[in-house]
Participant: 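Please see the structure below; I have some questions.
Atom set for the values below is all heavy atoms of this structure, side chains included, hydrogens, waters and symmetry mates excluded. Below, chains carry the letters A, B, ... as their sequence lines are ordered, and counting in each starts from 1. What you are looking at is a predicted structure, and each value in this text was computed from that prediction instead of being measured.
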Amino acid sequence: MNTKALLLALVFITTSFFTSLAQLNGSYSPDLSSVEIPVFDGQDLSDTISATSYSIGLVQGITSSSVTGYGTVSASGFYDDGQLSINSFGGGLVFTSKATLRGSIATLVGAKATLSGVTGSGSYYYYGSYYSVTVSSVSGAFTIKNMNLDLQSGVISGLVSAGSLKMSGYLDDYPNIRRSISVRYGSEAFGPYSAPAGSVITPLIGMDLQTSSAGVVTGTATGTFGNYDDVAFTVKGKRKSGVSAITLTSVNPKGISATMNLNDAGEISGSKNTLKILGYTLKY
Amino acid sequence: MAVAIAIGLLAVAFFFFFLGASSHQKQRESDSSLLGPDASAEFRGFEGKESEPTKSGLNSIPDSSVELAKLSDPNLSIKSRIRIAQEIGRKGGIELWRSVLTMMLPMNIREALLESIGSSGRFEASEFLRGYLGDPEQGMRRAAIRGLAATGREEDAQTIGSLMGKQGLAIEESTEVALALGGSRAPNATIILLQAYSQADRNELVQCLILGLAQRPFGQTEGFFQQMLSDSTTGSDRKKEVLSALGQFDSVKEDFFAPYLQSQDPEVRSGAYLGLGVLTEGNPGPRLLMALQSEADPQARLSLYEALGMKSSGDPWAMNRIALGEKEPIHRILAAKAVARSLQGREPTDAAVVEFGRVWAPEMARLAIEGSNTEGLQAVSALRIRKSPEVREALRQISTRSQDTKVQAAAQKALLGMEK
């Protein structure tokens, strides 16, 4: 080997050594404190609207942006026209909506709480006598418009649209004769409530990365998103011009992904970074 | 004596028959075959009425001095004050609106007033609301947008629609326009949303435009959605969003989803399952149960279980067999939720209900206690569907043994609800 070749080999080895030092090799935890994720999971909606009390436990969809809930509804003295009075009813409530994040507001769009398996009782006054009435079903839904979680103020509020419930029942003495009435209710404010702790979470992601001599980045990562902990990711990416563009894809649970641009110190670079979680796409 | 009573009853029956003839045709048709002459008369009062509940909102035109005093009364709840502001917005006039908006009131009261002015039906409402589109407070600008959408006037829809293309407009406002126009009565709202969709580039706005369009009459958007769903350049996740949104807003009937249940794309199938799951009308449960027999994609299967957790499959035993075959905790929990939903309307002594209490209540408790936060919350949610002593016991165990505070709280809340 002549001297020139030896020098070239030495330069190549030295350059590769320092380049590999600067690449992403090791453990990194980029600062994601500016990312705020609104979470409805585990929240409880309780309120009284048009003499109807309800309580719904929310669950955020794991395969989509849906927020659903199951709860109970009850009312006493809901209806009285001087002749017919519905003294009480109670049953279940199914809540469905779609969560969308728009700037600093998380909105539950198309939120409706549909009554399910609701029954009750009442009385019917006729010519000096009272007859007991069984309410065999109450059907209908409360539609909640503009249900927002303001990330800056931490307030949840909305508006329940005017609507009606259809109540069907029979006189206990004449169970074969079934009748129904439609009872209208007016529009009412929903909330405002202070969002419970944990409604807005900031992600933490720790990564173990390796970069090949060809600039291909591989590795694994583990994320904590509030109470959603130990989310495992696979990492793939490419280093180009001192920045590694990587993609994180969740393995368990599935459905969470992120794109990140990291400089050689493992810090977030630029503004074209996204995190897809719970149906939201967050940019940071 | 008997003859006299019979004559009396016939007279009452005749009276109510006559009265009933003027009530709603639809409801009279529904049950008239069940009527006996005397009993029908007695129960006619329970028919065809459309009334306010006893404790619903104010119905009179507000007495301004009294209402203004109430608005500023800190002893009244914010909710009551918002209700008064809404009444003033709907039933007051321009002078009253001005007076209220110059008062020192919490922002949400002012916003509620502004929004409800749009429903006043007053000609001057439009001009008044337009004046707030430049308000320094974003909340007030957004309330003015919602108010203008609520007037149902074409020129107001046009005014707020033009905002979506405005340079530098905050995303919270452009998306507010999209959502507000979705619910507007303005005849040109659909065209404005379609035009905005063709020009929108920000993901949040595109999402809200789809949600807005999904609220419009389907006859006006059918071509748009069908084209989007058949377009190979539209992303799978967007197609899923569209299908689930169309169900959420009841834009379409059950049959619309049928071709998408057969799609090769699991995301599209997921969207169709979720859309069917949130439809208010119809009985899509059996169709979803049938899809479950052949669905092999794990994520699509989860969507299917989510949908069956909202709509009864109609066959708890078939659902139970499938649920027992699931091994992954989250699949198992959501499948059990679908079993619980399938028990809807069954008596506590029904064998399928007893089986759920015996097998699934303790299993849900175990999975909630040992599992992740998501699994715990989903298990509690599944247990809330069906009240029984076994379910209460399962919730008690979760509320005392779960390490996750959110899961614990959810179980406690569910227990409270069941004890009422």
Side-chain angles (χ1 to χ4, degrees), chain A residues 41-42 44 50-51 55 57 59 61-64 66 68 70-72 74 77-81 83-84 94 96 98 100-105 109-110 114 116-117 124 126 141 145-146 157 164 169 171 174 176-189 192 198 227-228 253-254 281, chain B residues 27 31 34-35 39-40 42-43 45-47 49-57 78-79 82-83 86 108 112 146 170-172 175 179 203-204 207-208 211 240 244-245 248-249 270 274 278 280 299 302-303 306 310 330 344-345 373-374 377-378 380-381 384-385 404 406 410 413-414 417 420:
Chain A
D41 218 8
D44 205 88
S50 288
S55 165
V59 184
I62 46 172
T63 66
S64 69
S66 65
T68 58
Y70 298 91
T72 51
S74 62
F78 182 76
Y79 178 81
D80 189 349
D81 67 0
Q83 189 172 32
L84 174 71
V94 180
T96 60
K98 293 185 73 61
T100 182
L101 184 63
R102 44 194 195 97
S104 64
I105 305 168
V109 185
T114 309
S116 158
Y124 179 64
Y126 184 68
K145 269 175 74 183
N146 316 320
S157 62
S164 63
L171 287 176
Y174 300 93
N176 288 332
I177 301 166
R178 295 176 176 267
R179 286 286 156 232
S180 59
I181 54 169
S182 182
V183 184
R184 287 187 58 76
Y185 57 85
S187 156
E188 283 199 38
N227 286 340
Y228 304 84
K254 287 186 176 169
T281 302
Chain B
Q27 292 184 357
D31 296 306
L34 297 169
L35 294 177
S40 71
E42 285 188 309
F43 205 32
F46 198 20
E47 178 188 14
K49 295 205 172 183
E50 177 119 347
S51 313
E52 296 287 329
T54 51
K55 294 179 198 168
S56 70
I78 286 282
K79 193 170 170 172
I82 286 176
R83 193 188 294 172
Q86 287 170 335
N108 44 14
R146 294 195 296 275
I171 192 69
E172 291 88 346
T175 50
L179 296 175
N203 186 51
E204 294 103 311
Q207 261 188 345
C208 287
L211 291 167
K240 181 179 174 182
S244 59
Q248 185 67 46
F249 293 107
S270 291
L274 292 166
V278 294
T280 304
Q299 288 301 110
L302 274 182
S303 297
E306 272 192 88
M310 292 180 274
I330 193 66
Q344 199 170 298
N373 169 264
T374 305
L377 288 170
Q378 290 283 1
V380 171
S381 174
R384 283 183 90 140
I385 297 174
D404 187 309
K406 259 190 179 176
K413 197 84 191 177
K420 274 181 188 170

Participant: What are the two closest heavy atoms between B:Glu204 and A:Gly103, and how far apart are they?
Facilitator: OE2-N, 4.3 Å
Participant: Please find the pair of heavy atoms, one from A:Tyr70 and one from B:Ser381, that lie closest to each other, and give the distance.
Facilitator: CD1-OG, 2.9 Å
Participant: Using a cut-off of 6.0 Å, state whether more than 12 heavy atoms not belonging to B:Lys406 lie near its atom NZ.
Facilitator: yes
Participant: Give the member of B:Ser270, B:Ala410, B:Ser303 that has the highest number of heavy-atom pairs under 4.5 Å with chain A.
Facilitator: B:Ser303
Participant: Sort B:Leu274 into side chain, backbone, both or neither according to what part of it lies under 4.5 angstrom from a heavy atom of chain A.
Facilitator: side chain
Participant: Less than 4.5 Å to any heavy atom of chain A: does that hold for the side chain of B:Leu211, its backbone, both, or neither?
Facilitator: side chain
Participant: Mind checking the CD-OG1 spacing from B:Gln248 to A:Thr96? Nearest 0.5 Å is all I need.
Facilitator: 4.0 Å
Participant: Please classify the contact between B:Gln299 and chain A as side chain, backbone, both or neither, with a heavy-atom cut-off of under 4.5 Å.
Facilitator: both
Participant: State, with a plain yes or no, whether a side-chain heavy atom of B:Ile385 is found less than 4.5 Å away from one of A:Ser116.
Facilitator: no
Participant: Find the one option among A:Thr68, A:Val94, A:Ile105 whose heavy-atom pairs under 4.5 Å with chain B are most numerous.
Facilitator: A:Ile105
Participant: Just verifying a value: how many Å separate A:Arg102 CZ and B:Cys208 SG, rounded to the nearest 0.5 Å?
Facilitator: 6.0 Å
Participant: Under a 3.5 Å threshold, yes or no: a donor from one side chain and an acceptor from the other, between A:Ser55 and B:Lys413?
Facilitator: no
Participant: Can you tell me which portion of A:Asp41 sits under 4.5 Å from chain B's heavy atoms? Options are side chain, backbone, both or neither.
Facilitator: both
Participant: Are any non-hydrogen side-chain atoms of B:Lys79 and A:Glu188 less than 4.5 angstrom apart?
Facilitator: yes
Participant: Evaluate side-chain contact (heavy atoms from CB on, under 4.5 Å) for A:Thr100 paired with B:Thr175, printing each intermediate quantity in order.
Facilitator: CA-CA 10 Å; A:Thr100 182; B:Thr175 50; over 6 Å; no
Participant: How long is the straight-line distance from CD of B:Gln207 back to CG of A:Leu101, given to the nearest 0.5 Å?
Facilitator: 8.5 Å
Participant: If you define the side chain from C-beta out and look only at heavy atoms, does anything of B:Ile78 sit under 4.5 Å from A:Pro192?
Facilitator: yes
Participant: So which atom in B:Ala245 and which in A:Lys98 form the shortest heavy-atom distance, rounded to 0.1 Å?
Facilitator: CA-CD, 3.8 Å
Participant: Tell me, for B:Ala170 versus chain A, whether the close heavy atoms (under 4.5 Å) come from the side chain, the backbone, both or neither.
Facilitator: neither
